[in-house]
S.K.: 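Please find one structure pasted underneath; my questions will follow.
Residue numbers start from 1 in every chain, and the chains themselves are labelled A, B, ... in the order their sequence lines are given, proteins ahead of strands. Side chains included, hydrogens not; waters and symmetry mates left out as well; all remaining heavy atoms used.
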Protein chains: 2
Amino acid sequence: MKIEEALKINSGLDLSSKTLINIQYTSRLLEEKFAALLKEHGLSTPQFNVLRILRGQKGKPASLACIQERMVDRSSNTTRLVDKLIAKGMVERRICPANRRKVEIEITKPGLDLLKELDPLTKKTNAENASNLTENELLTLNDLLDKLRNDE
Amino acid sequence: MKIEEALKINSGLDLSSKTLINIQYTSRLLEEKFAALLKEHGLSTPQFNVLRILRGQKGKPASLACIQERMVDRSSNTTRLVDKLIAKGMVERRICPANRRKVEIEITKPGLDLLKELDPLTKKTNAENASNLTENELLTLNDLLDKLRNDE
DNA sequence: ATTATATATTTGTACATACAAATGTTGTAA
DNA sequence: TTACAACATTTGTATGTACAAATATATAAT
């Protein structure tokens, strides 16, 4: 379905506006599907992203600022996100001894296990959600998005 | 900046996953810029979208369900969104006489005036945010997104 | 007519987000 | 060494979102 039909846009919207709305609408649909998968395992999308980032640290603990830099979605209040993950036993937090303003956050064994369980499922879901496009089309789409963003 | 650099993704992420993350990351950046513009005029993005949809009705009042269908972003609790807009005097709500389960929501003169004021600004912002792509690239991007979504 | 089912919206609750202000820590300049 | 600015995180408050349950009205079945 084209974006005009999906959102029942009748009026003459200019191409730039239409494209930006299309990106946001598509993004929302993808996010909904992904969130549904994570929910079965008791995680929200931002919580999953924090775990994924921490695993990427390969043992090296991350500060809050370090996590925020790498988050896909808006991460206002990473403090409270981490609070939730601590409550679930997925991560640990301690004050950085070298710089007591900072905080060292690390993923726990149960957190790693959960990610390992999710790995094939997220990969499968993403593959399904992208299955309408060929490899070349995916490459083009990536390039266009990278180019679109190119300034900030 | 490519998506790998932007999110400092080191590990080998498959193309499908990378593309979907790229869409969501780009969407978030666009949304942030747009929200900043609206905020200067006292509106949130969902509130703006409701007003835009109501104007599209051209005088014909819309039910809640009708608004939800057309919303770009998730619209959980359109009731309370409309509450806020009523408090700002931008819309009116009354029970539909023909079907008392439904509600008729209509944009007010001040709501229309605000949209009119925003029209050139949103168009300008969108044009700027899409300015890195040529017309052909924008068309391609639209097509790829439409194709990607094609099933649900 | 009475009951059941479907439709449309509202309300409640938990959680997430935005943003400003507060807290505590470190580095630096007089 | 004291004062001040910069940094890193936390806390407060208002708003937004997700989702289930509640309410109210309309339609259908017996």
S.K.: If you pin A:S44 and A:C96 to their nearest nucleotides in DNA chain C, which one's is more 5'?
M.R.: A:S44
S.K.: Nearest whole angstrom, please: distance from the P of C:dT9 to the CD1 of B:I95.
M.R.: 11 Å
S.K.: Rounded to the nearest 0.5 Å, what's the gap from CG on B:L13 to CG on A:N126? Could you check?
M.R.: 8.0 Å
S.K.: Filter on ring pair (Phe, Tyr, Trp, His ring centres under 6.0 Å), then keep only pairs touching residues 84-137 of chain B, sequence neighbours left out; what's left?
M.R.: none
S.K.: Heavy atoms only, 4.0 Å cut-off, all strands: where does A:S63 land among base, sugar-phosphate and nothing?
M.R.: sugar-phosphate
S.K.: Taking only N and O in the side chain of B:R28, is any of them less than 4.0 Å away from OP1 or OP2 of C:dT17?
M.R.: no
S.K.: Got a list of side-chain donor-acceptor pairs under 3.5 Å for residues 88-96 of chain B, not counting sequence neighbours?
M.R.:
{"residue": "B:K88", "atom": "NZ", "partner": "B:G42", "partner atom": "O", "Å": "2.8"}
{"residue": "B:K88", "atom": "NZ", "partner": "B:Q47", "partner atom": "OE1", "Å": "2.8"}
{"residue": "B:R93", "atom": "NH1", "partner": "B:D83", "partner atom": "OD1", "Å": "3.1"}
{"residue": "B:R93", "atom": "NH2", "partner": "B:D83", "partner atom": "OD1", "Å": "2.7"}
{"residue": "B:R94", "atom": "NE", "partner": "B:E104", "partner atom": "OE1", "Å": "3.3"}
{"residue": "B:R94", "atom": "NH2", "partner": "B:E106", "partner atom": "OE1", "Å": "2.7"}

S.K.: Rounded to whole Å, please give me the gap between CG in B:L38 and P in C:dC19.
M.R.: 12 Å
S.K.: Mind checking what makes side chain to side chain contact (heavy atoms under 4.5 Å, CB included) contact with B:K124, not counting sequence neighbours?
M.R.: B:E128
S.K.: Count the heavy atoms belonging to other residues, nucleotides or ligands that lie under 6.0 Å from CD of A:E117, then report whether that count exceeds 12.
M.R.: yes
S.K.: I want to verify a distance call: between D:dT15, D:dT17, D:dT10, whose nearest atom is closest to the B:K84 side chain?
M.R.: D:dT15
S.K.: Among residues 97-105 of chain A, which residues get a heavy atom nearer than 4.0 Å to DNA chain D?
M.R.: A:R101, A:K102, A:V103
S.K.: Could you tell me how far apart B:E69 (CD) and C:dT9 (P) are, to the nearest whole angstrom?
M.R.: 11 Å
S.K.: Rounded to whole Å, how long is the line connecting atom CD of B:E32 with atom P of C:dT17?
M.R.: 12 Å
S.K.: Give the rounded distance in Å between these two atoms: CG of A:D83 and C1' of C:dT17.
M.R.: 15 Å
S.K.: Nearest to the side chain of B:T79 - C:dT9, D:dT11, C:dA16?
M.R.: C:dT9
S.K.: Could you tell me how far apart B:L81 (CG) and C:dT9 (P) are, to the nearest whole angstrom?
M.R.: 14 Å
S.K.: Just how far, in rounded Å, is P of D:dG16 from CG of A:N77?
M.R.: 16 Å
S.K.: State whether A:Q68 places a side-chain N or O below 4.0 Å from either non-bridging phosphate oxygen (OP1 or OP2) of D:dA8.
M.R.: no
S.K.: Which pairs count as ring pair (Phe, Tyr, Trp, His ring centres under 6.0 Å) when at least one residue sits in residues 90-133 of chain B, sequence neighbours excluded?
M.R.: none
S.K.: Examine the base of C:dT13 for any acceptor or donor lying under 3.5 Å from a partner atom in the side chain of B:R80, and report the outcome as yes or no.
M.R.: yes
S.K.: Rounded to whole angstrom units, what separation is found between the CZ atom of A:F34 and the C1' atom of D:dA18?
M.R.: 18 Å
S.K.: Closest-nucleotide mapping onto DNA chain D: is A:K39 or A:A62 further toward the 5' terminus? I mean the 5' end.
M.R.: A:A62
S.K.: Applying ring pair (Phe, Tyr, Trp, His ring centres under 6.0 Å), which residue pairs with at least one partner in residues 26-46 of chain A are found, sequence neighbours left out?
M.R.: A:F34-A:F48
